[in-house]
Peer 1: 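Would you mind keeping the following structure in view while I ask a few things?
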Protein chains: 2
Amino acid sequence: MTTIKDIAKAAGVGLGTVSRALNGEPNIRPDTRDRILTVAWKLGYRPNEAARQLARGGFSSTTIGVVLPSIIHPFYFEILRGIHSAFSEIDKNMMVFNLGAYEELVVGHIAKENLAGIIVVAAGISHDSLSHLNAQNTNVVFLDRHEDHAVSFWIDNMLGGSLAAKYLVSAGCGKIAYIGDSGESQQQDDRLHGFRTELSRAGKTLSNETYIHIDEKTAYNAAAAVLQSGGIDGVFCFCDRIAYGVMQYMKEQSISARIIGYDDAPASQYLGLSSVRQPAFEMGYDGAMTVANYSKKDKPKSRVFLPVVVDRGS
Amino acid sequence: MTTIKDIAKAAGVGLGTVSRALNGEPNIRPDTRDRILTVAWKLGYRPNEAARQLARGGFSSTTIGVVLPSIIHPFYFEILRGIHSAFSEIDKNMMVFNLGAYEELVVGHIAKENLAGIIVVAAGISHDSLSHLNAQNTNVVFLDRHEDHAVSFWIDNMLGGSLAAKYLVSAGCGKIAYIGDSGESQQQDDRLHGFRTELSRAGKTLSNETYIHIDEKTAYNAAAAVLQSGGIDGVFCFCDRIAYGVMQYMKEQSISARIIGYDDAPASQYLGLSSVRQPAFEMGYDGAMTVANYSKKDKPKSRVFLPVVVDRGS
DNA sequence: TTGAAAGCGCTAACAT
DNA sequence: ATGTTAGCGCTTTCAA
């Protein structure tokens, strides 16, 4: 391994001069600079980032951490795409952490990495861990998760729910069912809240709620159970994947009911499925730009609410 | 920021002892160890990874670099999902680099990061950069790219092409067209080569080749041009996105022709589109496990060929 | 079992 | 413009 010491010796100069040359600092004679650079190149020199960081007491500043849940839905993928796209524009890199079983471990690891910032996507980080992160005075941005004293981007799930309800109601549905995810989530709660509120405003109520493990097959089965009970003519699904299963059942049984999904997955437009579109890519993009740019002085505004829209299947 | 020095002072011990306690080394009295650990905890101590690395002269060993093209197709996304899934199993993290315009810059950056290994996805890294990487004796694995003196996973595109041809031929197509990507790629060349070979084995030949910028709309237009010319009853598309555009045109015009895509995108099964399925997720997963596990001593076998299969639309 | 001290490779402040 | 030196926080001898 070549060090600046080797270069200094080979070029017959001092360590400081080498450092200056390598870092493109001004106070150095062009010809010595060139000589040093040539030697460095010939020796195959590569700076040791760890040493550099240590000496500067600084941060890597070009790498930003992204904490992801270990299972990625298409929705998170869109977010990730947005982040990736932003970072490729501004020449940052991301370090992706899997928030799996050992949260403590991961958080400790993150704190050690000297990152310029962190984006936490949807993951359920404990408040304890959070304050650790904050103590490291790392810039943190939350996506799809609402944190009180932090910068967070949040999709308006209540709006999404109420739009879904409006869609079904205005389509003339009378008996409406919901098929959701059996896991707990703030997102689902909010959507349902918005959905119910809008429904009751229209003088209607939810006739059936079924919660399943997300999967086309279980969705198919759930659809069978829900639709056989009779009279259901409108279904709101927690996500498009569930909706696909439902659609398939409806197609096979020639049942016609209005159905609306959530996420607006790429497939949906081709399948003619109406769906609530979340600005996932944008959220990723904006979030990424935000961590990358913010300084402690002018902290960006917390709580950015992103609206959703309904995409009508053709 | 708390350092081991602070801890040493607070606990009334030497630096070495603190280090030993923190690293769980054996030669230390349990009670001093506990005392130190308590102090460290109270002081909110976090080890400085840079300093550690520097002192040990070691590698981060828990982080693996992933070089991605800056534009991500769904196919690459599947690969990424596979990588992510593997890494969450074995508790590694990935550092994602965008291989954008400034290849040299990125490669330099990578070399500096002290990574345990690197996965290069599909990207066109120059041989020069490659040898730099090799000189750093970093483990490198290529995905969807064939490199001679490196470990590389490669999908059998020739097989894919020939399977597509078989599909169309056995469906009784007589006049066959190809709609491809206007960009250059080894992948496309291989697919076409396989396709042509199989076609000629069946005594047929390609009647029309059209190359477009990938996009549903241009695909739609291309389909119009290709299918209007008359008699075409089989179309092979470079990817499913192109196929969607073609299908839409066919549907609108009530034209019936056999069509086969590539990638087996999630939407395709719902749309009833037959497609060549590439084991993208598996490739990511296997590749990730490979970089993570290999040691210079028993280098894993280079050139892993992954087969494809045709997924028939229902 | 523990403390002291010598670096790891680099930067930055201080001399020259 | 350039050389010298003192650390950055940590690990690891080497003594004690």
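The chains referred to below are lettered A, B, ... by the order of the sequence lines, with proteins before strands, and numbering in each begins at 1.
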Peer 1: What distance do B:D34 atom CG and B:I28 atom CD1 have between them, rounded to the nearest 0.5 Å?
Peer 2: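 Between atom CG of B:D34 and atom CD1 of B:I28 there are 9.0 Å.
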
Peer 1: Taking 5' to 3' order, which nucleotide of DNA chain D is first and which is last to have an atom within less than 4.0 Å of a heavy atom in chain A?
Peer 2: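 So the contact region on DNA chain D extends D:dA1 to D:dG9.
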
Peer 1: Going by heavy atoms in the side chains, are A:Y45 and A:I7 under 4.5 Å from each other?
Peer 2: yes

Peer 1: With a 4.5 Å limit on heavy-atom distance, are the side chains of A:I119 and A:V67 in contact?
Peer 2: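 A side-chain contact under 4.5 Å is absent here.
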
Peer 1: Going by side chain to side chain donor-acceptor pair (under 3.5 Å), name the residues that satisfy it together with A:D190, two or more places apart in sequence or in a different chain.
Peer 2: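 For A:D190 the side chain to side chain donor-acceptor pair (under 3.5 Å) partners, ignoring immediate neighbours, are A:Q186.
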
Peer 1: Does a side-chain heavy-atom distance below 4.5 Å link A:V96 with B:F87?
Peer 2: no

Peer 1: About how many Å separate CG of B:D6 and CD1 of B:I4, when rounded to the nearest 0.5 Å?
Peer 2: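 It is 9.5 Å, given to the nearest 0.5 Å.
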
Peer 1: Which heavy-atom pair separates A:C239 from A:D263 by the least distance, and what is that distance?
Peer 2: CB-OD2, 3.9 Å

Peer 1: What is the per-nucleotide protein-contact pattern of nucleotides 11-16 of chain C, from the 5' end, where B denotes a base atom under 4.0 Å from a protein heavy atom, S denotes such proximity for sugar-phosphate atoms only, and - denotes neither?
Peer 2: BBB---

Peer 1: What pairs with A:Y285 under side chain to side chain donor-acceptor pair (under 3.5 Å), at least two apart in sequence or on another chain?
Peer 2: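 Only A:E89 meet the side chain to side chain donor-acceptor pair (under 3.5 Å) criterion with A:Y285.
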
Peer 1: Ignoring hydrogens and angles, write down the donor-acceptor pairs under 3.5 Å from the side chains of residues 20-27 of chain A, residues two or more places apart or on other chains.
Peer 2:
from: A:N23; atom 1: OD1; to: A:R52; atom 2: NH2; distance (Å): 2.6
from: A:N23; atom 1: ND2; to: A:S19; atom 2: O; distance (Å): 2.9
from: A:N23; atom 1: ND2; to: A:S19; atom 2: OG; distance (Å): 3.4

Peer 1: Over the length of the helix from C:dT1-D:dA16 to C:dT16-D:dA1, how much do the five-pair end axes diverge, rounded to 10 degrees?
Peer 2: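 One end axis against the other gives 40°.
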
Peer 1: Out of curiosity, B:L306 CG to B:Q278 CD, how far, rounded to the nearest 0.5 Å?
Peer 2: 10.0 Å

